[in-house]
Asks: 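Pasting a structure below so you can have a look.
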Amino acid sequence: QKEVEQDPGPLSVPEGAIVSLNCTYSNSAFQYFMWYRQYSRKGPELLMYTYSSGNKEDGRFTAQVDKSSKYISLFIRDSQPSDSATYLCANSGGSNYKLTFGKGTLLTVNP
Amino acid sequence: NAGVTQTPKFQVLKTGQSMTLQCAQDMNHNSMYWYRQDPGMGLRLIYYSASEGTTDKGEVPNGYNVSRLNKREFSLRLESAAPSQTSVYFCASSRAGQGKNYEQYFGPGTRLTVT
């Protein structure tokens, strides 16, 4: 079993839809959780960072972590065409400075 | 602040040639990383440097060497390029080890083709 599993999509939604992106992980040592956004032919850009269970909100984006079920989610409200990108989840156990990435979900928001 | 910068942006090599990818960060981060990204494979860690003066292998180190030149700069060298090293290479940096700061910041990438 891979340490971080992420549905690769692709996911296509109409503008204004609520988008849900999800990852599961197997390593109980993971304490720090991140979501990155990667536009085509660009580097990954940090979107959200949390180190606790529960929800963290930033504008139209909400990151949700459930450590008991080892499940993390990113919700995008009122999705825009500019949200079209690949979204990667990443986790860290903190002790070895490394991140474990999911393979990314390709999202397209259609005008 | 420029963040993380990488040079070159694009490179084409012939099999057997060597080259060095350069990376620099201006965020005073302790830790730096080199990844490669291939379709369907996601981001894979090649080497990392937890602090100035240290380097460690990641998931896919074969065929690569690294140098942490100083706190700002971390270079990746391909001694004898192979077609399997055709990829997009990303450098990243982090304050990992400085409090609960494990998030990484990425450069724009280098697209390398080996023919």
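Lettering follows sequence order; numbering is per chain, from 1.
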Asks: Among A:M34, A:R41, A:K42, which residue forms the greatest number of heavy-atom pairs with chain B at distances under 4.5 Å?
Replies: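 Of the candidates given, the most pairs with chain B belong to A:R41.
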Asks: Say you draw a straight line from CG of B:L45 to OH of B:Y33; how long is it, rounded to the nearest 0.5 Å?
Replies: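 OH of B:Y33 is found 8.5 Å from CG of B:L45.
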Asks: Can you tell me which portion of A:Y36 sits under 4.5 Å from chain B's heavy atoms? Options are side chain, backbone, both or neither.
Replies: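 Only the side chain of A:Y36 comes within 4.5 Å of chain B.
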Asks: Quick check on the hydrophobic clustering: are B:L43 and B:Y105 connected, directly or via other members, by side-chain heavy-atom contacts under 4.5 Å?
Replies: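 B:L43 and B:Y105: one cluster.
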Asks: Using atom types as modelled and distance alone, determine if a side-chain donor or acceptor of B:T54 lies under 3.5 Å from a backbone N or O of B:S49.
Replies: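 Checked: no pair found.
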Asks: Quick one: what part of B:S31 sits under 4.5 Å from any heavy atom of chain A, side chain, backbone, both or neither?
Replies: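 For B:S31, the contact with chain A is made by the side chain alone.
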Asks: With only heavy atoms counted, which part of A:Q6 is less than 4.5 Å from chain B, the side chain, the backbone, both or neither?
Replies: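 No part of A:Q6 comes within 4.5 Å of chain B.
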Asks: Checking heavy atoms, do the side chain of B:Q37, its backbone, both or neither come under 4.5 Å from chain A?
Replies: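 Contact with chain A: side chain only.
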Asks: Using non-hydrogen atoms and a 4.5 Å limit, figure out which bit of B:R111 sits close to chain A: side chain, backbone, both or neither.
Replies: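 Answer is side chain: those atoms of B:R111 sit under 4.5 Å from chain A.
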Asks: Could you list who else is in B:I46's hydrophobic cluster, with ILVMFWY side chains joined at under 4.5 Å, directly or through other members?
Replies: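 Its cluster mates, by chain and number, are B:L13, B:M19, B:L21, B:M32, B:W34, B:Y47, B:V60, B:Y64, B:V66, B:F74, B:L76, B:L78, B:Y89, B:L112, B:V114.
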Asks: Report yes or no: do A:V19 and A:L47 belong to one cluster of Ile/Leu/Val/Met/Phe/Trp/Tyr joined by side chain heavy-atom distances under 4.5 Å?
Replies: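 Both belong to a single hydrophobic cluster.
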Asks: Checking A:P8 against chain B: side chain, backbone, both or neither under 4.5 Å from a heavy atom?
Replies: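 Contact with chain B involves no heavy atom of A:P8 at all.
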Asks: Rounded to the nearest 0.5 Å, how far apart are NZ of B:K57 and CG of B:N65?
Replies: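 So the NZ of B:K57 and the CG of B:N65 are separated by 9.0 Å.
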